[in-house]
> 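Please find one structure pasted underneath; my questions will follow.
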Amino acid sequence: SNISSDTTVKYLLDTYPQILQMFMNMKLRCVGCPAEGFHTLAEVAHEYKLDITYLIDSINKAIQDDTSSG
């Protein structure tokens, strides 16, 4: 996928609304916060002390699971 540490939360949620649930499951409060929408995944990972690779992998998996389930 074209998701990187520079991808913003807003872009992700606009493009892949199905990952909203994943963000909520991970207790990431980015969702619905106006300022957070412009944060990149690198900033989110730093804020929540997450491994950036793990975060991106989780997002990719959530997207794939959704598209493959038809």
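Numbering of residues begins at 1 and proceeds along the displayed sequence. From a predicted model like this one, the values you see are computed outputs, not experimental measurements. Every heavy atom of this structure was used, including side-chain atoms; hydrogens, water molecules and symmetry mates were not.
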> Thr15: what forms a side chain to side chain contact (heavy atoms under 4.5 Å, CB included) with it, not counting sequence neighbours?
Tyr11
> With rounding to the nearest 0.5 Å, note down the distance linking CG in Leu13 to CD1 in Ile19.
5.0 Å
> Distance check, rounded to the nearest 0.5 Å: Ser58 atom OG versus Met22 atom CE?
5.5 Å
> Roughly how far apart are Glu47 CD and Leu41 CG, rounded to 0.5 Å?
13.5 Å
> What pairs with Asp51 under salt bridge (Lys or Arg N to Asp or Glu O under 4.0 Å), at least two apart in sequence or on another chain?
none
> Under the criterion side-chain contact (heavy atoms from CB on, under 4.5 Å), I'd like the reasoning laid out for Leu50 against Met26: C-alpha separation, chi angles, the key distance, then a yes or no.
CA-CA 10 Å; Leu50 292 170; Met26 290 177 76; 4.1 Å; yes
> Just so I know, are the side chains of Val9 and Glu43 near enough to count as touching, which here means a heavy-atom distance under 4.5 Å?
no
> Checking side-chain contact (heavy atoms from CB on, under 4.5 Å) against Tyr16, which of Ile3, Asn60, Ile59 comes through?
Ile3
> Quick one, Asp65 and Gln18 - any side-chain contact, counting heavy atoms below 4.5 Å?
no
> So, using side chain to side chain donor-acceptor pair (under 3.5 Å) as the criterion, who are the partners of Asn25 when residues are at least two apart?
Gln21
> Once side chain to side chain donor-acceptor pair (under 3.5 Å) is applied, do any residues pair with Asp6, and if so which ones, sequence neighbours excluded?
none
> Which value, rounded to the nearest 0.5 Å, describes the distance between Leu12 atom CG and Leu20 atom CG?
11.5 Å
> Closer than 4.0 angstrom, basic N to acidic O: yes or no for Asp14 and Lys10?
yes
